Each structure stands twice: as C-alpha cells, then as structure tokens.
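Computed from heavy atoms alone, side chains included, the values below leave out hydrogens, waters and symmetry copies. So you know, we letter chains A, B, ... as the sequences are listed, proteins then strands, and number each from 1. Note that the coordinates shown come from a computational prediction; the quantities given were computed from them, not determined experimentally.
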There are 2 protein chains.
Amino acid sequence: MTESEAEARGARPAARGRPRSAAADRAIVEAVLRLLERGVGVDALSMEGIAREAGVGKATVYRRWSGKDALLLDVMRTLEEPPDEVRGESVRDDLVDILERLRQRGLAKRNSAILRAMTSHFHSHPRLWQEYHDTVIRARRDLLHSVLRRGMARGEIRADLDVELLGELFIGPMLSRALLRAWAELPEGLAERIVDGVLEGARPRE
Amino acid sequence: MTESEAEARGARPAARGRPRSAAADRAIVEAVLRLLERGVGVDALSMEGIAREAGVGKATVYRRWSGKDALLLDVMRTLEEPPDEVRGESVRDDLVDILERLRQRGLAKRNSAILRAMTSHFHSHPRLWQEYHDTVIRARRDLLHSVLRRGMARGEIRADLDVELLGELFIGPMLSRALLRAWAELPEGLAERIVDGVLEGARPRE
DNA sequence: GTGATACGAGACGGTTCCGTATCGGAAAGT
DNA sequence: ACTTTCCGATACGGAACCGTCTCGTATCAC
C-alpha cells in the first residue's frame with residue numbers, strides 16, 4: 001500500500017481529476033527491485049535513477065513518496081508473501097519443504113540480492129531492516145519453529161535443545177551456501193542433504 | 001602492501017626526496033575500515049570522505065592508489081591474518097576452537113560489517129569479492145575442512161557426507177545468527193552449543 | 001465541454017564527489 | 001645550502017543527484 005492509497009481512503013472519497021496510474025506504482029516498485037537485484041546497494045540508489053529505470057518522471061515518484069526512505073519501506077512491504085503451510089506429515093518432510101522453498105524462492109536471484117542489501121545496511125538503516133525482517137523473515141522463522149516444536153512433542157526432534165538454535169542449524173547451512181558461495185547455484189537436493197545431515201548428526205551412529 | 005611500496009622495490013632504490021609517510025598509509029586504510037564498520041557501504045564510500053576521515057589530503061590518497069577500486073583491493077589484503085593452528089587433540093575441541101574464533105573475531109563488529117559489505121557487492125564488484133574471499137575466507141575454510149577430514153579418518157565424523165556440506169553445517173548456524181540477528185551479540189558458549197548440536201544431530205539418539 | 005489532477009520530460013539552483021593542479025611548508029638525500 | 005619529493009589544504013571544472021517547479025498533454029468527474 002502506497003502512502004497515496006492510504007491517504008485516499010481518508011475523508012475524501014471524491015477523486016476529481018485524473019486518477020493516479022496503478023501501472024506507475026508497479027513500475028516504480030519493480031524498478032527498485034530490479035536495481036537492488038542488479039547489486040546497486042541501498043545508498044547508491046537514486047531517485048533519479050529509479051525514475052529512469054521505471055520510465056517515469058521524477059515528479060511521479062515524489063507525488064507518491066516523500067523520499068527514498070519512504071519508498072524503500074513500501075517496497076519492503078510488497079515483499080510480503082506468507083509462506084505456504086506445511087503438509088504436516090513427517091517432521092523431516094516438513095523441514096525439507098521449508099528448506100526447499102528457501103532454496104527455490106527465498107534465496108533465488110532477486111530475493112537473495114535484497115537480503116544481502118538489507119543485511120549490509122541494517123546498521124545505517126535500522127528502520128528499513130526492521131521492516132524487511134518483520135515482513136520477510138519473521139513468518140518463515142515462526143513456521144520453522146512451530147514445525148520443530150511439533151517434532152519435539154512427537155519425539156522426532158531432541159527436546160533438550162533451544163528451538164532458536166535448532167532452527168539455525170537447519171537454516172544456517174543454506175544461508176551460508178547462498179551468501180559465501182556467491183555465484184554458485186543452490187543445487188537440487190541440497191535441502192534434503194542438509195535436513196538429513198542435521199537430523200542424523202555429524203558423528204557416526206552405531 | 002601499497003602500490004607505492006611495490007613500485008619502490010623496482011629499479012629505483014634511490015629514494016631522493018621526502019619519503020612517504022607510513023603513518024598516512026595506515027591512517028587511510030584504517031579510515032576505510034572505520035567507514036565500512038560504520039555501515040557506509042562500498043559504493044557510498046568516497047575518496048573525499050576517506051581522506052577527511054583519515055585526516056589527510058586527497059592528493060595523499062591519489063599519490064598511493066589510482067582510485068577507489070585499487071584502494072579497496074589493498075584494504076582487503078591487509079585483512080590477511082592466517083588462522084591459528086588448531087590444537088589437534090579431539091576433533092570436537094578443534095571444531096569448537098574454530099567456531100569460537102569465528103565468534104570472537106571473524107564475526108565481531110568490524111569484520112562482520114566488512115563481510116556484509118562484501119557479500120552485498122559481490123555481483124557489482126566481483127574482483128573485490130574475489131580478493132576478500134581469497135584473503136579472508138579461503139584459509140579458514142581450508143583449516144575447517146582439514147579438521148573434518150582428520151575426524152573422518154579417525155572415525156569421529158561420518159565419512160558418508162561431503163566435506164563441503166559438513167563444513168557448512170558447522171559454519172552456517174554461526175553465520176545465520178550473526179547476519180540475521182543483526183544487532184544481537186553472539187553469546188558466549190554458542191560455539192560449543194552449535195558443535196555439539198551438529199555432532200549429535202537433531203534427532204534423539206537412544 | 002469544463003475543471004481538476006496526473007502524466008513524462010526536463011529546467012533549475014544547490015550540494016557532493018570526482019580527479020587534477022597548485023600552494024607554502026616539511027623532511028629526506030647530496 | 002640546495003634539490004627533490006611528500007605533506008595538508010584547497011581551488012578547479014565537470015558530473016550526478018537532490019527536491020521543486022513548469023511545461024504541454026492525457027484522463028478522469030461533472
């Protein structure tokens with residue numbers, strides 16, 4: 001929701017002139033995402049460059065957002081996409097599902113570029129990081145934790161470990177691969193291998 | 001090693017005028033690191049700002065480096081600090097050592113800020129990422145892998161898993177905590193908990 | 001139609017940074 | 001003493017971007 005849309009729902013239902021173009025809204029948000037994906041970096045983003053990329057006049061951007069910060073906050077909000085529910089049969093399969101979705105969508109080109117951009121600016125743009133975290137990370141983390149808790153209740157997961165830590169044991173390796181092996185694709189089957197590796201442990205079982 | 005020092009070892013051993021100030025060298029590199037640590041972001045770094053932060057004239061920077069790219073490459077090279085050898089008693093203790101050093105130094109304030117900055121620009125500055133990777137990441141990864149291979153040979157580590165993947169099982173959780181839980185400190189004892197968690201596995205052993 | 005508002009384009013003055021050049025003074029060799 | 005090079009400071013023209021404003025045109029309610 002843009003600032004303008006929020007304000008349009010106010011006390012003035014009578015829209016009198018030419019209405020704002022929804023296509024322009026989309027073009028601007030898409031342009032920001034394309035630029036971030038291209039590795040442009042939050043503080044190298046320019047309103048001028050965004051308008052250019054969107055094929056839009058600068059005034060059209062400033063008519064909707066007061067500045068770069070407000071625009072970026074709204075862009076973060078468009079990323080919302082609550083994670084699919086999980087099938088709930090075996091905990092192991094649910095974990096594989098979660099990591100497989102992370103592999104295919106969460107850490108695919110665009111999303112991983114945005115993740116990088118956000119993590120690198122959390123310090124200089126804490127508000128922006130907060131919005132990204134709340135919109136993108138929180139729901140997925142909650143889902144993972146609920147699966148783990150169910151696993152603990154059913155005896156499929158050790159109950160003597162912190163849920164936070166357990167979640168990181170599963171998420172971390174995928175993240176590590178995506179961030180440190182920057183240009184390599186995340187190979188098919190990685191989700192299964194991580195889940196089974198973490199479940200069974202690195203020490204041999206006799 | 002700065003470009004100037006490299007070139008000074010060339011065919012001209014006769015240094016005739018006032019020698020370059022080593023203090024200025026250090027001040028400039030330190031300034032870059034301080035700015036990165038402050039969350040400034042690679043493409044928001046300006047030569048002008050660097051000189052200002054270092055308390056140095058712009059010409060003093062340009063006398064040493066041809067531009068921002070060359071300077072940043074050299075800054076990456078100063079990060080070299082080959083990891084301490086590992087005690088080599090039990091594989092479990094070695095793994096704890098490695099992760100504990102990662103917690104205390106590798107992901108402490110300055111170093112994690114630089115890691116964030118690099119991962120977010122690997123796409124737009126591949127040369128810079130390469131240098132960072134070679135200087136900072138490679139040696140530590142090699143050490144970790146050698147420890148894991150020793151563990152496999154001694155039967156302390158499963159031999160049916162890929163060493164790459166195994167390494168990520170240990171590194172990933174620490175990385176995940178440092179990058180996604182941006183402002184939280186990495187708590188004491190985290191290294192032990194990760195290593196033991198991964199070694200034993202998330203599934204209960206009976 | 002008429003009035004209101006949005007559109008893309010871009011002019012505008014102000015700021016910051018670029019990379020180069022020049023300054024007077026400092027620190028080394030000869 | 002004299003030369004050479006470095007030092008910090010700062011001036012320079014050029015570029016990019018800021019946020020505002022003004023064009024001429026397009027699209028809506030009335």
Side-chain angles (χ1 to χ4, degrees), chain A residues 2-32 35-36 38 40-72 74 124-125, chain B residues 2-32 35-36 38 40-72 74 124-125:
Chain A
T2 65
E3 288 177 346
S4 59
E5 289 164 13
E7 143 190 39
R9 274 209 289 285
R12 290 192 315 133
R16 290 218 315 200
R18 172 176 176 175
R20 291 200 181 161
S21 155
D25 275 280
R26 284 191 302 271
I28 294 168
V29 171
E30 269 301 308
V32 172
L35 290 171
L36 285 176
R38 205 172 295 163
V40 172
V42 171
D43 35 39
L45 279 177
S46 69
M47 295 298 265
E48 205 138 345
I50 291 167
R52 207 183 306 129
E53 176 76 20
V56 136
K58 274 203 290 180
T60 301
V61 183
Y62 279 105
R63 208 172 282 121
R64 290 165 165 75
W65 292 280
S66 58
K68 197 165 72 178
D69 290 357
L71 169 55
L72 286 181
D74 258 7
S124 43
H125 300 78
Chain B
T2 67
E3 289 177 345
S4 60
E5 288 165 12
E7 139 190 47
R9 274 209 290 284
R12 290 192 316 133
R16 290 217 318 202
R18 172 177 175 175
R20 291 202 180 158
S21 155
D25 275 278
R26 283 192 302 270
I28 294 168
V29 171
E30 270 301 309
V32 172
L35 290 171
L36 285 176
R38 204 171 294 163
V40 173
V42 171
D43 34 39
L45 279 177
S46 69
M47 295 298 265
E48 205 136 348
I50 291 167
R52 208 182 306 131
E53 175 77 20
V56 137
K58 275 204 291 180
T60 302
V61 183
Y62 279 105
R63 206 172 282 121
R64 290 164 166 73
W65 292 280
S66 58
K68 197 165 70 178
D69 289 357
L71 169 54
L72 287 181
D74 257 6
S124 42
H125 305 257

Interatomic distance where [atom1] belongs to [X] and [atom2] belongs to [N] [whole Å]:
X: Asp43(B); N: dC18(C); atom1: CG; atom2: P; answer: 12 Å
X: Tyr62(B); N: dC17(C); atom1: OH; atom2: P; answer: 12 Å
X: Glu48(B); N: dC12(D); atom1: CD; atom2: C1'; answer: 12 Å
X: Arg63(B); N: dG19(C); atom1: CZ; atom2: P; answer: 16 Å
X: Met47(B); N: dC18(C); atom1: CE; atom2: C1'; answer: 10 Å
X: Arg52(B); N: dT10(D); atom1: CZ; atom2: C1'; answer: 13 Å
X: Leu45(B); N: dC18(C); atom1: CG; atom2: P; answer: 9 Å
X: Arg20(B); N: dT4(D); atom1: CZ; atom2: P; answer: 17 Å

### Message
Using a distance-only criterion (donor-acceptor N/O pair, under 3.5 Å, no hydrogens), is the base of dC28(D) paired with the side chain of Arg18(A)?
### Response
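Check fails, no donor-acceptor contact within cut-off.
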### Query
Would you say the base of dG19(D) and the side-chain of Lys58(A) have a donor-acceptor pair closer than 3.5 Å?
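Such a pair exists between side chain and base.
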### Task
Check every strand shown and say whether Ala51(A) touches a base, only sugar-phosphate, or nothing at a heavy-atom separation below 4.0 Å.
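No contact.
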What distance separates [X] [atom1] from [Y] [atom2], expressed to the nearest 0.5 Å?
X: Lys58(A); Y: Met47(A); atom1: NZ; atom2: CE; value: 9.5 Å
X: His125(A); Y: Asp69(A); atom1: NE2; atom2: CG; value: 6.0 Å
X: Leu45(B); Y: Leu71(B); atom1: CG; atom2: CG; value: 8.5 Å

#### Entry: 5' precedence on DNA chain C between Ser46(B) and Ala22(A) (nearest-nucleotide basis)
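Looking at DNA chain C, the more 5' nearest nucleotide goes with Ala22(A).
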### Query
Charged N to carboxylate O under 4.0 angstrom, Arg20(B) versus Asp25(B)?
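Not counted as a salt bridge, because no side-chain N and carboxylate O are separated by less than 4.0 Å.
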### Query
Could you walk me through whether Glu53(B) and Ile50(B) pass the side chain to side chain contact (heavy atoms under 4.5 Å, CB included) check?
CA-CA 5 Å; Glu53(B) 175 77 20; Ile50(B) 291 167; 5.8 Å; no
### Query
Is Arg64(B) near enough to dC7(D) that one of its side-chain N or O atoms lies under 4.0 angstrom from OP1 or OP2?
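Checking Arg64(B) against dC7(D): at least one side-chain N or O falls below 4.0 Å of OP1 or OP2.
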### Message
Does dG8(D) have OP1 or OP2 under 4.0 Å away from a side-chain N or O of Thr60(B)?
### Response
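Answer is yes, contact under 4.0 Å.
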